[in-house]
Amino acid sequence: MQNKRINILCTRPLDDSLIEEAELKGIDIDVSAFIKTESITSDKVKLEIEQAATGAALVVFTSMNAVESVIGLLDEKRPDWGIYCMGNTTQKLVKEYFGTAAVKGTAADAAALAALIAADRFIDEVFFFCGDIRRDELPAILKQQDIEVKEIMVYKTTPLTHKIDKDYDGILFFSPSAVTSFFNANELPESTTLFAIGNTTAAEIKKHSGNNIVIGEEPGKENLFRKMAAYYS
């Protein structure tokens, strides 16, 4: 048990059970979101999803927000899709709705997922369900390999920029967009350790801060929480 209680800021909602678990370990967690995501439910998007669902297709998800948005517009249909997705939370949502057999491949980040898809010489087209500020790595790699990428934008991200009013020992970041939103209004003491869910988020942190960064070894909110808890144990 720590002699001094550790104060952590989590920039994304966290399960109450994890917050309570941390308290028992001498870690107090405040939760404050720096982005919000909303599904895009326009007639255009609905039609694009319906067209993708008319037959067998290969689709790609790199975020849980995209999975949730698509599921919400499928109206309980389960199309004949082979799915490539990021690990843990996104993969879990995919398996719960589409079934384990639908998952054709997973990877820890978008670049690795693109490389996995490109390694299959029989793939010439994929549907990529994404947000309005998606990164370029996956479509760029696939297009270089002559794989057609049909992008369908199914959610949008809005920054929730605000100033924090106390110093924290550590801060948990789960996306580059949340990092950007946070640093638009905040500066940090050098003593604050920053925890990034992956390399892409860590790279965005480095643009704004020279603070120590701890990168999660696997994607997923709980995995980053475990990494943080172990760091302070």
If you round to the nearest 0.5 Å, how far is [atom2] of [Y] from [atom1] of [X]?
{"X": "N212", "Y": "T193", "atom1": "CG", "atom2": "OG1", "result": "4.5 Å"}
{"X": "F174", "Y": "F195", "atom1": "CZ", "atom2": "CZ", "result": "11.0 Å"}
{"X": "K36", "Y": "K156", "atom1": "NZ", "atom2": "NZ", "result": "8.0 Å"}
{"X": "L47", "Y": "L73", "atom1": "CG", "atom2": "CG", "result": "12.0 Å"}
{"X": "I205", "Y": "K207", "atom1": "CD1", "atom2": "NZ", "result": "11.5 Å"}
{"X": "T192", "Y": "E187", "atom1": "OG1", "atom2": "CD", "result": "12.0 Å"}

With sequence neighbours left out, the residues meeting ring pair (Phe, Tyr, Trp, His ring centres under 6.0 Å) with Y97 are none

Report yes if some heavy atom in the side chain of [X] is under 4.5 Å from a heavy atom in the side chain of [Y]; otherwise report no.
{"X": "I171", "Y": "F182", "result": "yes"}
{"X": "I35", "Y": "S175", "result": "yes"}
{"X": "I19", "Y": "E23", "result": "yes"}
{"X": "P159", "Y": "T180", "result": "no"}

Who passes side-chain hydrogen bond (donor to acceptor under 3.5 Å, both in side chains) against [X], sequence neighbours left out?
{"X": "Y155", "value": "S63"}
{"X": "R226", "value": "E21, E222"}
{"X": "E125", "value": "K150"}
{"X": "S181", "value": "T161"}

Under 3.5 Å, is there a donor-acceptor pair between the side chain of [X] and the main chain of [Y]?
{"X": "N186", "Y": "I164", "answer": "yes"}
{"X": "T11", "Y": "L172", "answer": "yes"}
{"X": "H162", "Y": "A33", "answer": "yes"}
{"X": "R12", "Y": "C10", "answer": "no"}
{"X": "T90", "Y": "T62", "answer": "no"}

Give the intermediate values and the outcome of side chain to side chain contact (heavy atoms under 4.5 Å, CB included) for residues T157 and D132.
CA-CA 7 Å; T157 302; D132 59 334; 3.9 Å; yes

Closest non-hydrogen atom pair, [X] against [Y]:
{"X": "P13", "Y": "V31", "value": "CA-CG1, 3.7 Å"}
{"X": "A229", "Y": "I27", "value": "CA-CD1, 4.1 Å"}
{"X": "L224", "Y": "A196", "value": "CD1-O, 3.5 Å"}

Side chain to side chain contact (heavy atoms under 4.5 Å, CB included), that's the test. Do I8 and Y232 meet it? Break it down for me.
CA-CA 11 Å; I8 298 294; Y232 291 110; 3.6 Å; yes

Only pairs under 3.5 Å count here: list side-chain donor-acceptor contacts from residues 51-60, not counting sequence neighbours, and write none if there are none.
{"residue": "T54", "atom": "OG1", "partner": "Q51", "partner atom": "O", "Å": "2.8"}

When hydrophobic residues are tied together by side-chain contacts of less than 4.5 Å, even through go-betweens, does [X] share a cluster with [Y]?
{"X": "V67", "Y": "I49", "answer": "yes"}
{"X": "I152", "Y": "I133", "answer": "no"}
{"X": "F98", "Y": "M64", "answer": "yes"}
{"X": "I197", "Y": "F183", "answer": "no"}
{"X": "F173", "Y": "L14", "answer": "no"}

Test: salt bridge (charged side-chain N to carboxylate O under 4.0 Å, His left out). Region: residues 45-62. Which pairs qualify, not counting sequence neighbours?
K44-E48

Scan for salt bridge (charged side-chain N to carboxylate O under 4.0 Å, His left out) pairs involving residues 158-178, sequence neighbours excluded, and state none if there are none.
K4-D169, D30-K166

What residues, two or more places apart in sequence or in another chain, satisfy salt bridge (Lys or Arg N to Asp or Glu O under 4.0 Å) together with K77?
none

List in chain and number order the residues that pass salt bridge (Lys or Arg N to Asp or Glu O under 4.0 Å) with K221, two or more places apart in sequence or in another chain; answer none if no residue qualifies.
none

For D15 and F225: C-alpha separation, side-chain torsions, deciding distance, then whether side chain to side chain contact (heavy atoms under 4.5 Å, CB included) applies.
CA-CA 10 Å; D15 292 346; F225 166 83; over 6 Å; no

Parallel, tilted or perpendicular, as decided by the 30° and 60° cut-offs, for the rings of W81 and F129:
tilted

Can you give the donor-acceptor pairs under 3.5 Å from side chains of residues 103-124 to other protein atoms, not counting sequence neighbours?
{"residue": "D109", "atom": "OD1", "partner": "A111", "partner atom": "N", "Å": "3.2"}
{"residue": "D109", "atom": "OD1", "partner": "A112", "partner atom": "N", "Å": "2.8"}
{"residue": "D120", "atom": "OD1", "partner": "F122", "partner atom": "N", "Å": "2.9"}

Atom pairs and distances, donor-acceptor, side-chain atoms in residues 136-144, under 3.5 Å, two or more places apart:
{"residue": "D136", "atom": "OD1", "partner": "R134", "partner atom": "NH1", "Å": "2.6"}
{"residue": "E137", "atom": "OE2", "partner": "R135", "partner atom": "NE", "Å": "3.4"}

Distance only, no hydrogens: is a donor on one side chain within 3.5 Å (strictly under) of an acceptor on the other, for S39 and E68?
no

H208 vs L194, test: side chain to side chain contact (heavy atoms under 4.5 Å, CB included). Steps then yes/no.
CA-CA 12 Å; H208 304 275; L194 307 179; over 6 Å; no

